[in-house]
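Have a look at the structure below, then the notes.
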Amino acid sequence: MHAQKLSISLPESSADFIEQYRRTHSIKSRSEVIEQALQLLRQRELERAYRDAAAEESDFKDLDNAIMDGLDDETW
C-alpha cells in the first residue's frame, strides 16, 4: 500500500486518546489507529448513502401508490 505522509494538529486530548487506544489494542502505530477511524467514517457514510437511497425508493413507491390510489382496472 502506498502511503502519503500528512501533518495534522489535534487537541491534546485527542492525541492522548489515539495513543491510549493504540496501546490498549496492541496497534503498531498511531497511523493505524487513524486509518481504523477513517474506515469507520467511510462505513458510516456508506450506510447513510444506502439509507438515503432506500428512502428515495420508498418515496417513489409512495408516489406510485398515491397515483394508483382509487384507480380500478376499468380506469386503465
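Below, each value reflects all heavy atoms present in this structure, side chains not excepted, and no hydrogens, waters or symmetry copies. Position 1 is the first residue of the sequence, and the numbers go up from there.
- Interatomic distance, Gln36 CD to Ser31 OG, rounded to the nearest 0.5 Å: 11.5 Å.
- Looking only at distances, a side-chain donor or acceptor of Thr24 sits under 3.5 Å from a matching main-chain atom of Gln20.
- Note on ring orientation: taking the six-membered ring where Trp is involved, the planes of Tyr21 and His25 are parallel (angle under 30°, cut-offs 30° and 60°).
- Taking a 6.0 Å sphere around CD of Glu45, one finds it holds more than 12 heavy atoms contributed by other residues, nucleotides or ligands.
- A donor-acceptor contact closer than 3.5 angstrom is absent between the side chains of Gln43 and Gln39.
- In this structure, Arg42 and Leu38 have side chains that are in contact, with non-hydrogen atoms separated by less than 4.5 Å.
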Starting from the C-alpha separation in whole Å, work towards a yes-or-no answer on side-chain contact (heavy atoms from CB on, under 4.5 Å) for Glu19 and Arg30. CA-CA 6 Å; Glu19 184 58 28; Arg30 291 176 287 195; 3.4 Å; yes
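- Hydrophobic cluster membership differs between Ile34 and Leu40, with clusters built from Ile, Leu, Val, Met, Phe, Trp and Tyr side chains linked at under 4.5 angstrom.
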